[in-house]
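Atoms considered below: every heavy atom in the structure, side chains included; atoms not considered: hydrogens, waters and symmetry mates.
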Protein chains: 2
Amino acid sequence: MGVRQAQKQQSRRALLDAGLHLLEHQNLSSLGMREVTREAGMSPAGFYRHFRDLAELGVALVEESLASLHGMIRAALAEKGDAEELIDRTVELIAGHVAGHRAHVRFLARERHGGVQPVREAIAAELARFADEVARALGAQPESAGWSGADVRMLAELYVDHMVATAVAFLDADGPAAERRIARTACTQLRLISVGRRHWRDA
Amino acid sequence: MGVRQAQKQQSRRALLDAGLHLLEHQNLSSLGMREVTREAGMSPAGFYRHFRDLAELGVALVEESLASLHGMIRAALAEKGDAEELIDRTVELIAGHVAGHRAHVRFLARERHGGVQPVREAIAAELARFADEVARALGAQPESAGWSGADVRMLAELYVDHMVATAVAFLDADGPAAERRIARTACTQLRLISVGRRHWRDA
DNA sequence: CAAGTCGGCAAACAGTTGTTTACTGAATGA
DNA sequence: TCATTCAGTAAACAACTGTTTGCCGACTTG
């Protein structure tokens with residue numbers, strides 16, 4: 001890649017980072033582009049060399065944020081061990097992801113139900129695909145023998161929703177004590193679901 | 001109450017309704033007060049006779065929205081019957097609440113993680129109190145014999161989170177078919193949790 | 001080295017914003 | 001009835017918004 005394209009991508013990154021930084025304390029729909037370019041150290045008009053809209057920048061941030069989250073999910077699904085261990089490791093993975101990608105997670109939580117339609121839709125679509133992926137992994141486990149496809153799918157949705165809720169809870173933990181409390185709660189809830197799963201056929 | 005105060009409260013209502021209406025398609029932090037007063041048929045300066053801020057209007061809307069949700073929760077907790085029936089009735093209650101209070105529910109979903117701190121805090125505090133209330137009700141049930149207070153509390157949190165998630169899902173259902181699918185999923189998930197609860201002690 | 005591509009800038013545009021000011025006129029209460 | 005209170009108004013304020021224009025100068029290509 002030439003020097004030109006490299007410099008351009010560097011500016012693009014500056015815009016994305018500026019946006020991400022500003023979005024830590026406000027909403028995408030209340031973000032101004034002058035604000036973004038100012039934070040990125042660029043003139044207002046320069047913005048248009050990279051994005052048509054602020055919504056377009058938003059969608060780019062969604063892709064970034066969900067890509068990192070996707071990596072975490074695949075890591076969680078790849079874990080091996082008995083149910084108890086697996087739950088603990090998953091919650092640790094979530095905590096680690098939040099610690100390492102605060103801005104991304106906060107952005108997703110904010111805009112998942114935010115005021116910018118294309119962004120909302122992009123998030124919803126990708127989360128649905130995550131649920132598909134989890135459902136596929138669950139279906140391959142021996143514990144799912146005799147489960148209908150629809151039931152596996154609803155279990156996967158429950159897991160994904162719970163994961164997102166847990167990540168958000170970690171987000172506004174205001175200390176290590178609060179973090180541990182959230183982790184314990186999440187583990188217990190997952191254990192409850194796991195127990196329900198084992199005894200599903202009895203009901 | 002005198003004619004004066006009645007007229008004032010009517011104007012206040014107009015402002016709240018205007019805000020609620022505009023917030024159906026945008027975020028609180030992107031809302032302008034000129035926009036609100038225009039929608040309410042009032043001059044910009046008149047706003048200050050009722051609220052200091054837009055954040056203050058937001059908090060007022062939070063109180064309204066959570067009051068109606070609170071009513072729904074109390075209704076759900078008051079239901080009697082076996083577990084299966086109870087689950088179905090609860091999900092129906094949620095669906096009915098969303099149908100009757102779309103704007104309120106959408107507002108809560110948007111601003112729960114939105115960019116306006118006092119509003120966010122008001123929602124979080126009230127949802128925590130709802131979890132307390134649910135925990136108290138669960139603790140009084142015979143099924144909770146032998147459960148620790150902390151475990152009951154985490155179960156209550158799971159229920160509240162799930163209720164909110166279900167309400168939001170109903171919100172962007174785009175037809176009766178989608179609504180039924182969401183209701184079925186929610187019921188199945190609740191049944192799974194219920195099974196887990198019954199077999200909790202075995203683990 | 002020359003011609004062309006193109007990322008970034010400064011300036012200007014018309015609109016819109018939140019907030020303050022002094023005011024009007026109807027409800028209030030002695 | 002007459003003075004007072006006060007919800008709502010119109011006008012003006014500086015500050016900011018998104019977008020377009022023409023231009024410069026560093027990179028690229030031949």
Salt-bridge present (A/R191, A/E84; N to O < 4.0 Å): yes
*Backbone N or O of B/L93 within a donor-acceptor pair of the B/H97 side chain at under 3.5 Å?*
no
From CD of B/Q10 across to C1' of D/dG8 the rounded distance in Å is 13 Å
**Asked** Are any of the side-chain nitrogens in A/E35 or A/R38 under 4.0 Å away from the carboxylate oxygens of its partner?
**Response** no
Between B/P44 and A/K8, the residue closer to the 5' end of DNA chain C by nearest nucleotide is A/K8
Go through the side-chain N and O atoms of B/R4 and B/Q9 and say whether any donor and acceptor fall under 3.5 Å apart. no
### Message
Between A/E133 and A/R129, does any side-chain N to carboxylate O distance fall below 4.0 Å?
### Response
no
Winner on side-chain proximity to A/R49, out of C/dG18, C/dG8, C/dT5, is C/dG8
A/F47 atom CZ is separated from C/dC9 atom P, nearest whole Å, by 14 Å
With the side chain defined as heavy atoms from C-beta on, B/S43 is closest, among D/dT9, C/dC9, C/dT28, to D/dT9
| query | Taking NZ, NE, NH1 and NH2 as the nitrogens, is one of them in B/D132 or B/R136 under 4.0 Å from a carboxylate oxygen of the other? | reply | no
Legend entry - A/R74 with A/E79: basic N within carboxylate O range, under 4.0 Å: no
Here the distance between atom P of D/dT4 and atom CZ of B/R4, to the nearest Å, is 14 Å
Whole-Å distance, B/Q9 CD to D/dA7 P, equals 12 Å
Phosphate contact (D/dC27 OP1 or OP2) by A/Q7 side-chain N/O below 4.0 Å: yes
A/D53 CG to D/dT20 P, in whole Å, measures 11 Å
A/R12 atom CZ is separated from C/dC6 atom C1', nearest whole Å, by 17 Å
Quick note, B/M42 side chain, CB onward, closest among D/dC6, C/dG8, D/dT9 is D/dT9
Note, DNA chain C 5' to 3' with Watson-Crick or G-U pairs under 3.5 Å encoded as ( ), [ ], | and . gives ||||||||||||.||||.||||||||||||
Salt-bridge present (A/D161, A/R112; N to O < 4.0 Å)
yes
B/F51 atom CZ is separated from D/dG8 atom P, nearest whole Å, by 11 Å
What residues 21-41 of chain B contributes to the DNA chain C interface at heavy-atom separation below 4.0 Å is B/G32, B/M33, B/R34, B/R38
Picking from D/dC27, C/dC9, D/dA7, the nucleotide nearest the side-chain atoms of B/S11 would be D/dA7
*OP1 or OP2 of C/dT19 less than 4.0 angstrom from a side-chain nitrogen or oxygen of B/Y48, does that happen here?*
yes
A quick test of your reading: do over 12 heavy atoms of other residues, nucleotides or ligands sit less than 6.0 Å from NE2 of B/H21?
no
Of the candidates D/dG8, D/dG18, C/dG25, the side chain of A/L54 sits closest to D/dG18
Next on the checklist: Under 4.0 Å, heavy atoms only, any strand: does A/G2 hit a base, just the sugar-phosphate, or nothing?
Outcome noted: sugar-phosphate
All heavy atoms of B/L23 vs all of B/R110, minimum pair found to be O-NH1, 2.9 Å
Checking D/dG8, D/dT28, D/dT20 against the side chain of B/H50 (C-beta onward), the nearest is D/dG8
